[in-house]
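All chains are named by letter (A, B, ...) in the order of the sequence lines, taking the proteins before the strands, and each is independently numbered beginning at 1.
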Number of protein chains: 2
Amino acid sequence: MPSKSLRRGGVKPMSLLQRLKRRGWRLTSQRRVIAEAMDGEHVHLTAEEVYERASSRLPEISRATVYNTLNELAKLGEVAEVSLGSTTKRYDPQTARRHQHMVCERCGATRDVHPAGEERLSLPAVERNRFKLSRVEVVFWGLCPDCAKNAVA
Amino acid sequence: MPSKSLRRGGVKPMSLLQRLKRRGWRLTSQRRVIAEAMDGEHVHLTAEEVYERASSRLPEISRATVYNTLNELAKLGEVAEVSLGSTTKRYDPQTARRHQHMVCERCGATRDVHPAGEERLSLPAVERNRFKLSRVEVVFWGLCPDCAKNAVA
DNA sequence: TTGAATGCAAAGTGTTTGCACGTGC
DNA sequence: GCACGTGCAAACACTTTGCATTCAA
């Protein structure tokens, strides 16, 4: 029986670590635990959260290394910096598959969403104001099931 | 001859200051210069930029007052906090008319855009994952005319 | 008059950086 | 071996806060 990700019609994407190895990225233990800490779907950690996860596996790691590494990964395009409401940066390792985000206004829970290829990059000429558009970022806001339940009161 | 904003079919919106007076907001000189500093279309200032503009008119104003006031205006819903890439908050006084943003990836120039009422709040049920959606935020990224010109190289 | 707003300075987050030391390739 | 990564601590950028003073209503 095929795995869920295969059933959805795609090829299972490489892990972040695999992608970095393939690039010939110089692989230290610090970089490995960072890459492992932030991999997965629906994962959008802050630098501090990456640090917590990484240092539970490698206690001598420093915050500076986490910050440096996250910046480098972002520059390489292997993770994406996302805002999602707060001013604290979050990092999204899902760069292979174009997607958007859905965020709970109450608790901040965030999920990746994959709309059916609709979002066109078009804008009426008057509004476009001679900008050359390259991408559009979409965030859906609402209440997650748990918060919606408790919000009835 | 009607003004441009009238020709576009809308009623000219009240200024931020007018809206605050109507609310019976306690009006100090500091609050007045802050409201005047950040009003207008396509205006998305940082707190520091508001402070600069305000203190050029009222040199004794303090940053703390600017920050306190911006937070209060945001809580009242009279300005919106927007992120737009950087980790520094920006403040948008255009709360009357629902709109989105278009940002230059190179220089950060930001314009309000008003799409033709398309953005539906729908998402396939599978993707919606039982979230109760309330709004969608859209940011168009690209190059402004000036940066597009210089980017040919 | 009085509760609310202000200014100052200190403290609190989140992030970057200079430099000596350590290490993967 | 050496270029590059790491750790530390200090610096930096942005924002919030405690408290005494001032002021709009």
* Asked: Quick one: does A:D39's side chain have a donor or acceptor within less than 3.5 Å of a partner on A:L16's backbone?
  -> yes
Side-chain donor/acceptor pairs under 3.5 Å, residues 67-76 of chain A, sequence neighbours excluded:
| unit_1 | atom_1 | unit_2 | atom_2 | d |
| --- | --- | --- | --- | --- |
| A:N68 | ND2 | A:A64 | O | 3.2 |
| A:T69 | OG1 | A:T65 | O | 2.6 |
| A:E72 | OE2 | A:W25 | NE1 | 3.4 |

* When the C1' atoms of the five terminal pairs at each end define the local axes, what inter-axis angle does the helix from C:dT1-D:dA25 to C:dC25-D:dG1 show, to 10 degrees? -> 40°
* Among residues 44-60 of chain B, which residues get a heavy atom nearer than 4.0 Å to DNA chain D? ->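 Within this stretch, B:A47 sit under 4.0 Å of the strand.
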Using every non-hydrogen atom in the two residues, find where [X] and [Y] come nearest and quote the distance to one decimal.
X      : Y      : result
B:P145 : A:F131 : CD-CD1, 3.9 Å
A:V33  : A:A54  : CG2-CB, 4.0 Å
B:V79  : B:Y91  : CG2-CD2, 4.0 Å
A:V66  : A:I34  : CA-CD1, 3.9 Å
B:P93  : B:G40  : CG-O, 3.6 Å
B:L143 : B:R106 : CD2-CB, 3.9 Å

* Using a cut-off of strictly less than 4.0 Å between a heavy atom of the residue and any atom of DNA chain C, enumerate the qualifying residues of residues 67-74 of chain A by number. => A:Y67, A:N68, A:N71
Note: [X]-[Y] ion pair, threshold 4.0 Å (strictly below):
X      : Y      : answer
B:R90  : B:E49  : yes
B:E105 : A:R135 : yes
A:E48  : A:R63  : yes

* Asked: Using the ring of each side chain (for Trp, its six-membered ring), is B:H114 parallel, tilted or perpendicular to B:H99, with breaks at 30° and 60°?
  -> tilted
* CZ (A:R98) with more than 12 external heavy atoms under 6.0 Å ->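 Counting neighbours around CZ of A:R98, 12 or fewer heavy atoms of other residues, nucleotides or ligands fall under 6.0 Å, so no.
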* Asked: Any side-chain N or O of A:K89 under 4.0 Å from OP1/OP2 of D:dC14?
  ->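 It does not, given that no N or O in the side chain of A:K89 lies less than 4.0 Å from OP1 or OP2 of D:dC14.
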* Asked: D:dC8 phosphate, OP1 or OP2: any side-chain N/O from A:S62 under 4.0 angstrom?
  ->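 No, A:S62 has no side-chain N/O under 4.0 Å of OP1/OP2 on D:dC8.
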* **chain A contact limits on DNA chain C, taken 5' to 3' with a cut-off of 4.0 angstrom to heavy atoms** =>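 The protein-touched segment is C:dG14 to C:dC25.
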* A:R63 near the nucleic acid: base, sugar-phosphate alone, or nothing, with a heavy-atom cut-off under 4.0 Å? -> nothing
* Structure fact -> Whether each nucleotide of nucleotides 19-25 of chain D has a protein heavy atom under 4.0 Å at its base (B), only at its sugar-phosphate (S) or at neither (-) is summarised, 5' to 3', as ----BBS
* To the nearest 0.5 angstrom, please state how far the NZ atom of A:K21 sits from the OG atom of A:S15. =>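 If I round to the nearest 0.5 Å, the distance is 7.5 Å.
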* To do: Show your working on salt bridge (charged side-chain N to carboxylate O under 4.0 Å, His left out) between A:R23 and A:E78 and close with a plain yes or no.
  => CA-CA 10 Å; A:R23 263 182 189 269; A:E78 294 291 354; 2.6 Å; yes
